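Below is one structure; the comments refer to it alone.
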Amino acid sequence: DTGVSQDPRHKITKRGQNVTFRCDPISEHNRLYWYRQTLGQGPEFLTYFQNEAQLEKSRLLSDRFSAERPKGSFSTLEIQRTEQGDSAMYLCASSLAGAENTEAFFGQGTRLTVV
Amino acid sequence: AQTVTQSQPEMSVQEAETVTLSCTYDTSESDYYLFWYKQPPSRQMILVIRQEAYKQQNATENRFSVNFQKAAKSFSLKISDSQLGDAAMYFCAYRRRREYGNKLVFGAGTILRVKS
């Protein structure tokens, strides 16, 4: 296991289309996070899972966004009816729960462009 | 709500010189972690250094050190002997020290350019 992997790395879609991104965390990590990073800004928290349970969602996560982690391993983030404002880098991170000094490891991100 | 502010959008340093990146934060919590992350162009974000708020001693990692001023809510990163590979976006981040939900709150970032 070489780290957190995200697929695809780049996605260009037309406004109104649905897109789905995948994140594979480090295998022993039970926490998984999604962040959104717009150009020139720091990442903003979207949601996180502990195992398969989605424990927190940011108000940034509108009704058009849905995230799942069905078996507590990989996660998907779907955006329905994409808008130009959804264009951003979507970052996934994973960490270990229960370890106080736990460090979050990030994937390389999926860059979404809505045209 | 916690906020993190990085007031320097961009910094430049000559190779082998020292540079300091600034960060301030706002929180009502007394127990938390602070981090500096490095994001090279088109590459994943990696942790540079971490500071526990309950520790008075400033963290150091090789050429990287921090100046943590808890009362002032200031957390700067010093990079000594700068190298070309240090060129990247640097993010300051905050996390509450709790068992659940260790989500990170990031600043807007500082682009560091290293001149040869």
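Note that these values count all heavy atoms, side chains included, but never hydrogens, waters or copies made by symmetry. Fair warning: this is a prediction, and the values are worked out from it, not measured in the lab.
Between B:Gln44 and A:Gly107, the shortest heavy-atom distance links the atoms CB-O, 3.5 Å.
Cluster membership for B:Ile111 and B:Leu77, using ILVMFWY side-chain heavy atoms within less than 4.5 angstrom, is not shared. Hydrophobic clustering (ILVMFWY, side-chain heavy atoms < 4.5 Å, transitive): B:Phe35 and B:Ile49 are in distinct clusters. Hydrophobic clustering (ILVMFWY, side-chain heavy atoms < 4.5 Å, transitive): B:Met45 and A:Trp34 are in distinct clusters.
Neither the backbone nor the side chain of A:Arg111 comes within contact range of chain B, judged by heavy atoms closer than 4.5 Å. Heavy atoms of B:Gln39 lying under 4.5 Å from chain A belong exclusively to its side chain. Using a 4.5 Å cut-off between heavy atoms, A:Gln37 touches chain B through its side chain atoms alone.
Interface summary for chain B: among A:Pro43, A:Gly40, A:Gly42, A:Ser95, the most heavy-atom pairs under 4.5 angstrom belong to A:Pro43.
A distance-only check finds no donor-acceptor pair linking the side chain of A:Gln41 to the backbone of B:Ala108 [under 3.5 Å]. Of the possible polar contacts, one joining the A:Tyr35 side chain to the B:Leu104 backbone as a donor-acceptor pair under 3.5 Å is found.
Other residues, nucleotides and ligands contribute at most 12 non-hydrogen atoms within 6.0 Å of the CD atom of B:Gln57. By the neighbour-count criterion of 12 heavy atoms within 6.0 Å, atom NZ of B:Lys70 is densely surrounded, having more than that number from other residues, nucleotides or ligands. Environment of NZ in B:Lys78: sparse, with no more than 12 heavy atoms of neighbouring residues, nucleotides or ligands closer than 6.0 Å. For A:Ile12, the CD1 atom counts as loosely surrounded, since its 6.0 Å shell holds 12 or fewer non-hydrogen atoms of other residues, nucleotides or ligands.
No side-chain heavy atom of B:Tyr33 sits under 4.5 Å from any side-chain heavy atom of A:Glu103.
Relative to the ring axis of A:Phe45, B:Lys103 places its NZ or CZ within 45° and under 6.0 Å from the centre.
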